[in-house]
Amino acid sequence: MIDRLRDEWARRNAREQRLLAVMFALLAAVILWFGIVTPLKNARLAAQARLDAATVIAGQVSARADALRRSARAVPAPLEASLVVAVGSTATEAGFTPTRLDPQGEDRVVIAISSARSIALFAWLDGLARRGVFAERIALRPNSDGTVSCEATLRLRRR
């Protein structure tokens with residue numbers, strides 16, 4: 001095979017050999033550019049974009065973790081009344097009618113609400129959490145009218 005190529009090359013005159021050499025050099029440059037340089041450049045740019053996105057996400061996660069650490073350290077103001085009274089009054093203020101409100105010691109209460117809009121319910125629970133009362137257990141069941149029924153065990157944050 002190589003002998004055959006040498007014979008073909010030898011049959012060409014000097015001008016044809018120069019033209020073929022230039023053509024092969026240009027072909028090698030095109031293959032090098034589009035086969036190696038461009039894919040490597042695109043891969044580097046894609047890796048840089050992924051790194052930038054990951055850096056932004058890492059910053060967001062770090063900021064949220066710092067906020068969680070600060071909120072965990074922040075001691076909420078003590079409740080004005082006992083836990084049962086505070087939970088019952090805030091539930092009534094939020095527009096809920098508790099069907100059950102049973103104290104389970106000084107730092108726990110079980111509450112049942114037969115009908116509540118889920119957005120309002122979670123806003124109420126979030127407000128309680130900011131006051132130091134956390135949901136230890138929640139059971140939600142959908143009602144036929146688009147509301148939910150809720151039974152929750154709420155616990156006062158230990159200081």
**Q** Between Arg12 and Glu8, is there a side-chain N and carboxylate O pair less than 4.0 Å apart?
**A**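 Judged by the 4.0 Å cut-off on N to carboxylate O distance, Arg12 and Glu8 do form a salt bridge.
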**Q** Hey, does the side chain of Thr38 reach the backbone of Trp33 with a donor-acceptor pair shorter than 3.5 angstrom?
**A**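 Yes, Thr38 side chain to Trp33 backbone: donor-acceptor pair under 3.5 Å.
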**Q** Nearest 0.5 Å please: distance from the OG1 atom of Thr55 over to the CD atom of Gln48.
**A**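 CD of Gln48 is found 8.0 Å from OG1 of Thr55.
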**Q** Please examine the side chains of Val148 and Phe122, heavy atoms only from C-beta on, and report whether any two atoms are closer than 4.5 Å.
**A**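 They are not in contact (no side-chain heavy atoms under 4.5 Å apart), so the answer is no.
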**Q** Please report the closest heavy-atom contact between Gly88 and Leu101, naming both atoms and the distance.
**A**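 Heavy atoms only, the tightest pair is CA-CD2, 3.7 Å.
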**Q** Verify the neighbour count for atom CD1 of Ile119: are there more than 12 heavy atoms of other residues, nucleotides or ligands below 6.0 Å?
**A**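 At most 12 heavy atoms, drawn from other residues, nucleotides or ligands, come within 6.0 Å of this atom.
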**Q** So, applying side-chain contact (heavy atoms from CB on, under 4.5 Å) with Met23, which one of Leu20, Leu26, Leu19 is it?
**A**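 The passing option is Leu20.
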**Q** Please indicate whether Arg137 has more than 12 foreign heavy atoms, meaning atoms of other residues, nucleotides or ligands, lying under 6.0 Å from its CZ.
**A**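 Yes.
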**Q** As an exercise, state the distance from CZ of Arg117 to CG of Asp145, rounded to the nearest 0.5 Å.
**A**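 The CZ atom of Arg117 sits 6.5 Å away from the CG atom of Asp145.
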**Q** If every non-hydrogen atom of Pro98 is compared with every non-hydrogen atom of Ile113, which pair is closest and at what distance?
**A**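 It is CA-CG1, 4.4 Å.
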**Q** Quick check: is Val37 connected to Phe34 through a chain of hydrophobic side chains (ILVMFWY, heavy atoms under 4.5 Å apart)?
**A**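 The answer is yes; both residues are in one hydrophobic cluster.
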**Q** What pairs with Asp7 under side chain to side chain donor-acceptor pair (under 3.5 Å), at least two apart in sequence or on another chain?
**A**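 Counting only residues at least two positions away or on another chain, Asp7 forms no side chain to side chain donor-acceptor pair (under 3.5 Å).
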**Q** Looking only at heavy atoms, which two atoms of Asn143 and Ser149 are closest? And how far apart?
**A**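 That would be ND2-N, 3.7 Å.
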**Q** Can you get from Leu125 to Val133 by hopping between Ile, Leu, Val, Met, Phe, Trp and Tyr side chains that sit under 4.5 Å apart?
**A**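 Yes, one cluster joins them.
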**Q** Within a strict 4.5 Å, meaning less than it, do heavy atoms of the Asn13 and Glu16 side chains meet?
**A**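 Contact flag for Asn13/Glu16 side chains = yes.
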**Q** Can you see which heavy atom on Leu121 is nearest to which on Ala116, and at what distance?
**A**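 The answer is CB-CB, 4.3 Å.
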**Q** Out of curiosity, does Leu140 fall in the hydrophobic cluster containing Val109 (side-chain heavy atoms, cut-off under 4.5 Å, transitive links)?
**A**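 In one cluster with Val109: Leu140, yes.
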**Q** Grab the two heavy atoms, one from Ile138 and one from Cys150, that are nearest each other, plus how far apart they are.
**A**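 Closest approach of Ile138 to Cys150, heavy atoms only: CG2-SG, 4.2 Å.
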**Q** OG1/Thr90 to CG/Leu128 distance, rounded to the nearest 0.5 angstrom?
**A**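 The CG atom of Leu128 is 4.5 Å from OG1 of Thr90, to the nearest 0.5 Å.
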**Q** Is the closest side-chain heavy-atom distance between Glu151 and Arg100 below 4.5 Å?
**A**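 In short, these two side chains touch, coming nearer than 4.5 Å.
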**Q** One thing to verify: whether Asp66 and Arg70 come together as a salt bridge, which I'm taking to mean a side-chain N less than 4.0 angstrom from a carboxylate O.
**A**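 Judged by the 4.0 Å cut-off on N to carboxylate O distance, Arg70 and Asp66 do not form a salt bridge.
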**Q** Check whether Ser62 reaches the backbone of Ala58 with its side chain - one donor and one acceptor, N or O, closer than 3.5 Å.
**A**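 Checking the backbone N and O of Ala58 against the side chain of Ser62, no donor-acceptor pair under 3.5 Å is found.
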**Q** On a heavy-atom basis, which atom in Trp124 and which in Val87 lie closest, and how many Å separate them?
**A**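 Closest approach of Trp124 to Val87: CZ2-O, 3.9 Å.
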**Q** Between Pro103 and Leu83, is any pair of side-chain heavy atoms under 4.5 Å apart?
**A**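 A side-chain contact is absent here, since even the closest heavy-atom pair is not under 4.5 Å.
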